[in-house]
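As the structure is a prediction and not an experimental result, all values here were calculated from the model. A note on names: the letters A, B, ... follow the listed sequences, proteins ahead of strands, and every chain is numbered from 1.
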Amino acid sequence: MSHHIVEVKQLRHVYPDGTEALRDVSFRIHHGESVAIIGANGAGKSTLLLHLNGYLPATSGTIRIGDHPLSKETLNEIRRTVGMVFQDPDDQLFMPTVFDDVAFGPLNQGLTPALIEQRVTDALERVEARELRNKPPYHLSGGEKKRVAIATVLSMLPEILVLDEPTAGLDPRARRQLMALLQDFHHTRIITSHDLDMVLELCERTIVLHQGMVMADGPTLEIFGNETLLAACHLEKPFSMQGCPVCSPKAIRRLPKPQPPLVPPHGDRQHDHAHHLHDHDHHDH
Amino acid sequence: MSHHIVEVKQLRHVYPDGTEALRDVSFRIHHGESVAIIGANGAGKSTLLLHLNGYLPATSGTIRIGDHPLSKETLNEIRRTVGMVFQDPDDQLFMPTVFDDVAFGPLNQGLTPALIEQRVTDALERVEARELRNKPPYHLSGGEKKRVAIATVLSMLPEILVLDEPTAGLDPRARRQLMALLQDFHHTRIITSHDLDMVLELCERTIVLHQGMVMADGPTLEIFGNETLLAACHLEKPFSMQGCPVCSPKAIRRLPKPQPPLVPPHGDRQHDHAHHLHDHDHHDH
Amino acid sequence: MLAIDGTLFDFKRLDLLAMRESAVHRLDPRAKVLTTLVFIVCVVSFGRYELAAMLPFCLFPIALLALGDLPAGYIARKVLVVIPFAVMVGLFNPLFDRQVILQLGPLGIWGGWLSCLSIVVRALLTAAAAIVLVAVTGFPAICVALEQLGMPRVFAVQLLFLYRYIFVLTDEGGRVARARQLRSCGNKGMGLRHFGPLLGHLLLRTWERAERIHMAMLARGFTGEMHARRRGRFGAGDVLFVLGWSALFVTFRLYNFPQLLGMLLLGS
Amino acid sequence: MHMADALLSPAVGGAMLAATAGTIAWCSSRVPRDLDEYKVPLMGVLGAFVFAAQMINFAIPGTGSSGHIGGGLLLAILLGPHAAFLTIASVLFIQALFFADGGLLALGCNIFNLGFFQTFIAYPLIYRRLAGRQPRQSRLVLAAIVAGVVGLQLAAFAVVLETTASGISALPFKAFVLLMQPIHLAIGVIEGLATAAIIAFVHRARPELVESTLAGRPLGSLPIRGMLAAFALAAVLLGGVVSWFASTQPDGLEWAIAKVTGDTELPAPAHPLHHTLAAIQEKLAIFPGDTGQSGSPAPDNPAGRIDNGLPGLIGGLVTLATAVLTGLLLRSCARRA
Ligand SMILES: Nc1ncnc2c1ncn2[C@@H]1O[C@H](COP(=O)(O)OP(=O)(O)OP(=O)(O)O)[C@@H](O)[C@H]1O
Ligand SMILES: Nc1ncnc2c1ncn2[C@@H]1O[C@H](COP(=O)(O)OP(=O)(O)OP(=O)(O)O)[C@@H](O)[C@H]1O
Ligand SMILES: [Mg+2]
Ligand SMILES: [Mg+2]
């Protein structure tokens, strides 16, 4: 089942106005991995995600989803494989009812009504939103919208789930529910977020982007242990690793000091990493 | 200078469609306090903030800002006193350049050009955004927009700063910068947020809203120590307290279990609290 | 700017009413749309001085209101909103048309007053029919019905999208307006110098949102064609509904029942 | 500006509804052709933008009052005429259904008046001509103002024609023209100014948005274009001449003022145009006004009969009461079921 691999090679993207959002991004993600992509505002996270299902064309570099290199011919196939959830669910829920919205993808796949019905029911079941089925999306609360947005993607049976800042704006309980939902999804997940505590809980692997380049790629715990790296990328440790302000009351920290220069990861580091991290898996490389 | 007190008494707000967003909210905030208002999605936080500068009229109950009870006559005066920063800076920045935007408030106050110039310079200085002065706001990054949005309010010399989810969508470094900025503001601050770690660092006092009612009002640390209360209000401890073996031994928690019923705070609790917390201050009650 | 909240509230409330369950709600939307059209044509086809003859028509909105279990007070308030417009339109009639054409006991009534009142009554009737139609059918269903009745697909999709995003964008517009208002120290309107950029900002955001929606559609396999939704069956009950009401409307149109009734009661 | 159902006869309303439906069908067939599928969400969301924009007011200079944009011209500039017409039509449709702003029968008139003239005449024939490809600020403003004024003048004149042809309002043609045209002159200037301000801003911020549509083909092939041009010219001439004529003939105005101030003189016979149109309407009307059974006099010979209105009044009240009672009865039945 090599078709669940996501491979990005020397990806570069320049926006029409000249902004070089991605300079040189390479990584390889295997089936079933849960990978976080983190970085400062403007690091290029959203831009990267939009390449994964071919919405933005690469200025140079290649993307492979499973057996298919991304190209015009494979675009539809790849969009079926990669399910993308945007940050703002209002962008994703555009049909008059939740049912229509969740059925939109399967309808475009040309399924029979009975099959569509089943897909919708299953997807809503997975996100615990059965009872919302006939409601119009604009009457839902923020957390409900988020769950339905995920259902719209699940109903297409994606093999890879891509989420852009899934927990933004949610209260702690809704965030927990969403995280539990993502934990139960057993295919590949690629998540960007500023919520590093969520990353710590959900993703075993983290890729750090900085100014359009991969600065680090490795096990999440290792990355969050490297304070120099984090500071250089405008990041900081997840709060749960920062030490309890109650127990160790240097509670109020100030701005990090100017950062020491950082050595970019050497050549193929991420590939090496992927190899030894996933020795146990059964993919052909 | 009693005019920096914010007093809300039995505030109730019913939206035209019958949603009872605020049922019974009372509290009193003194000069220089930094108070967080937290609660689940839909608890009524934003609705409450919109009352503090008279944007929404109370269905019943009263609001006092300093010497003035909020009414039609005092509205302009109060809007000058209370500076409000919205969650999404795009809502707040609508002029062609940063300068124009920051000058918009002072201009409407009818100041002289020299005075306006000075106000703008000062405000931009405070948020470290001098160099953005002539840029158009729509080309700024998220963090920069946020800072300019705060400058637009600072330039009106508010005595009370009200912020709705100031850290949403910011990367860790921009968040730190913003927090440092807020820490340097020495007037009253009222902040809503789902970022409880920021609350822990910035606010000595926290008010918990739940379904339009004040469920708790007291020192932040005390509130975050009360797990039953937090769970009942769909909240959880700040992450920096969750990992701490002293404060909560089991690092990775899952969904909270069904909550035990909660006793609402007795009668005037928040007032009592305010009294003994601020015995040292010089306000007349 | 509270007007924005009020407006949105009207939308939301009517939309929620349409989600109720009742016999009228279950009728095929096409039946309700067609019947409403027949109703409107009959009402507006009355002559300019006719008043009493139009009154039986209020049976239709009232019946739907009752069967659909709609809140009468709320619908009435919404319908009454048209009165100022109608009065504005009919205001000139009494000025220009002072022929006495009706004798009410000792009182001679000018044609102008009669036609002015007639304008108000027909405005109320047609507005009531339209609003009740939305309240028992729901806007998306009306769009689908119209599409099935021959409206171009592009237009139907446009209506649905528009409806969906009115909530989102009026909300955004409201927040921008609010931010401006809070910093403008009581100045009501704003000069063009501020108005242009402000709406320009809103427009840019609108545009970017449209781009994101388009992305979301593409991501779910959209290839430029909106697929047909499920079609309901147009059953015997629906046929009966259309024909029954239409027959009644035509009868009401041809015979002035109040006049006959009044004559009967007065024994003349 | 929105006409109400109550003002229109079924013949006029129906004819305009048909004309509008035809235009919608035509635009619908064109939109997928000249625009990519991306326009689907774009049109919908921009329609919603017009809704939102109409809620934000700006001060009208020197009057102390405030107004908002209509949006037709702006949409035409951003989307091109076909898509803009569909968008405006959808906005008006929702306003008619939810706010009783205008009515369903009047929808044809309203869409035509507020959509057609702005998108198919003011935009392609005036705005594009005057603005050119890369307009400088001053030309943009000029083009937008002229286009805004012409579009709205035509619309206002159409309202007058449609109302007069329907014969429900008693306002004489001349007085009506005199009332409508000058008011909408001011509104048109404002619409143009506001549109120019918005476009200028967007042009600075995201030039590619405006340029891409400006570069697009505005109107397809020839015959329609020629037809429209001729029609537009005729309409402009007619509108301009009539309103100029009306304003230089003070007698019309004096006469109207005399009426307003309570001069008891009997009304002058209605304008001849009104007679003609009313006669046409009489023929077209589905249920002509003088069917014997209806018990009311025909619109145009009121002097002929003086009715005793008492039976109508009493019967009407009884009818109303019956309807309400029926409603209550039905409701209790529905609730029990
Ligand atoms: N449509 C666009 N045109 C030009 N530049 C763009 C566009 N979209 C994004 N950019 C720029 O590209 C860079 C990367 O943007 P991107 O949205 O990918 O950042 P991000 O990592 O997702 O940031 P955030 O955490 O704020 O979401 C930024 O400098 C941004 O300003
Ligand atoms: N304009 C409105 N009309 C009707 N109901 C509204 C309106 N605005 C908010 N509400 C409702 O009022 C309640 C409180 O909303 P509010 O926005 O104050 O919540 P919040 O605490 O700010 O939530 P969040 O954390 O998601 O921002 C919610 O139930 C919401 O649905
Ligand atoms: Mg992003
Ligand atoms: Mg809020």
Side-chain angles (χ1 to χ4, degrees), chain A residues 46 49-56 75-97 99-111 113 116-117 133-140 145 149 151-158 160-162 164, chain C residues 8-9 11-21 25-26 29 137-145 147 156-172 205-231:
Chain A
S46 302
L49 294 196
L50 290 178
H51 279 82
L52 296 186
N53 66 359
Y55 184 78
L56 287 179
L75 205 58
N76 279 335
E77 177 58 27
I78 281 180
R79 287 193 177 148
R80 196 164 309 182
T81 316
V82 180
M84 178 111 173
V85 180
F86 293 93
Q87 177 177 346
D88 187 348
D90 273 323
D91 294 334
Q92 194 134 8
L93 305 175
F94 44 76
M95 299 292 285
T97 70
F99 180 92
D100 288 323
D101 237 321
V102 180
F104 185 87
L107 251 169
N108 280 320
Q109 295 178 349
L111 302 183
I116 290 178
E117 172 65 37
R133 174 183 177 103
N134 292 315
K135 288 207 176 174
Y138 34 88
H139 290 313
L140 303 182
K145 275 186 191 168
T152 63
V153 167
L154 291 185
S155 69
M156 298 179 73
L157 303 186
I160 297 159
L161 198 57
V162 174
D164 201 351
Chain C
L8 273 187
F9 147 65
F11 265 125
K12 285 192 180 160
R13 178 121 189 230
L14 269 182
D15 208 60
L16 289 174
L17 287 178
M19 283 157 57
R20 292 191 178 183
E21 271 293 313
H25 281 88
R26 279 190 294 274
T137 315
F139 187 75
I142 292 179
C143 292
V144 175
E147 192 200 332
V157 170
Q158 158 67 11
L159 282 170
L160 288 175
F161 258 101
L162 170 64
Y163 191 66
R164 168 69 183 84
Y165 282 98
I166 280 178
F167 296 96
V168 177
L169 280 179
T170 41
D171 203 45
E172 278 184 15
R205 297 173 60 181
T206 304
W207 199 286
E208 277 160 17
R209 183 175 289 279
E211 283 173 345
R212 291 197 302 270
I213 297 163
H214 182 231
M215 261 185 243
M217 293 174 80
L218 285 184
R220 282 195 270 154
F222 179 69
T223 50
E225 198 193 331
M226 291 303 262
H227 289 273
R229 298 154 43 90
R230 301 141 288 151
R231 279 160 195 264

J.: Taking only residues two or more places apart in sequence, or in another chain, which ones meet C/His25 in a ring-ring contact (aromatic ring centres under 6.0 Å, His included)?
T.: none
J.: Pick one of side chain, backbone, both or neither for A/Thr152, based on which atoms fall under 4.5 Å of a heavy atom in chain C.
T.: both
J.: With a 4.5 angstrom heavy-atom cut-off, could you sort out which part of A/Leu50 is near chain C: side chain, backbone, both or neither?
T.: side chain
J.: Which heavy atom of C/Arg164 sits nearest a heavy atom of A/Asp90, and at what distance?
T.: NH2-OD1, 3.0 Å
J.: Check each atom of C/Met215 against the heavy atoms of chain A and say whether the ones under 4.5 Å are side chain, backbone, both or neither.
T.: both
J.: Hey, could you give me the CE/CE distance between A/Met95 and C/Met217, rounded to the nearest 0.5 Å?
T.: 7.5 Å
J.: Do the non-hydrogen side-chain atoms of A/Pro136 and C/Asp15 ever get within less than 4.5 Å of each other?
T.: yes
J.: Do the side chain of C/Arg220 and the main chain of A/Asn108 share a donor and acceptor less than 3.5 angstrom apart?
T.: no
J.: Quick one: do C/Met19 and A/Asn134 satisfy side-chain contact (heavy atoms from CB on, under 4.5 Å)? Show the steps, please.
T.: CA-CA 9 Å; C/Met19 283 157 57; A/Asn134 292 315; over 6 Å; no
J.: For A/Tyr55 versus C/Leu218, what's the shortest heavy-atom pair and its separation?
T.: CE1-CD1, 3.4 Å
J.: Just to verify, what does C/Tyr163 make a ring-ring contact (aromatic ring centres under 6.0 Å, His included) with, not counting sequence neighbours?
T.: A/Tyr138, C/Phe11, C/Phe139, C/Phe167, D/Phe98
J.: If you measure from CZ on C/Arg209 to CZ on A/Phe94, what distance do you get to the nearest 0.5 Å?
T.: 13.5 Å
J.: C/Ala216 and A/Asp91: which non-hydrogen atoms are nearest, and at how many Å?
T.: CB-O, 3.6 Å
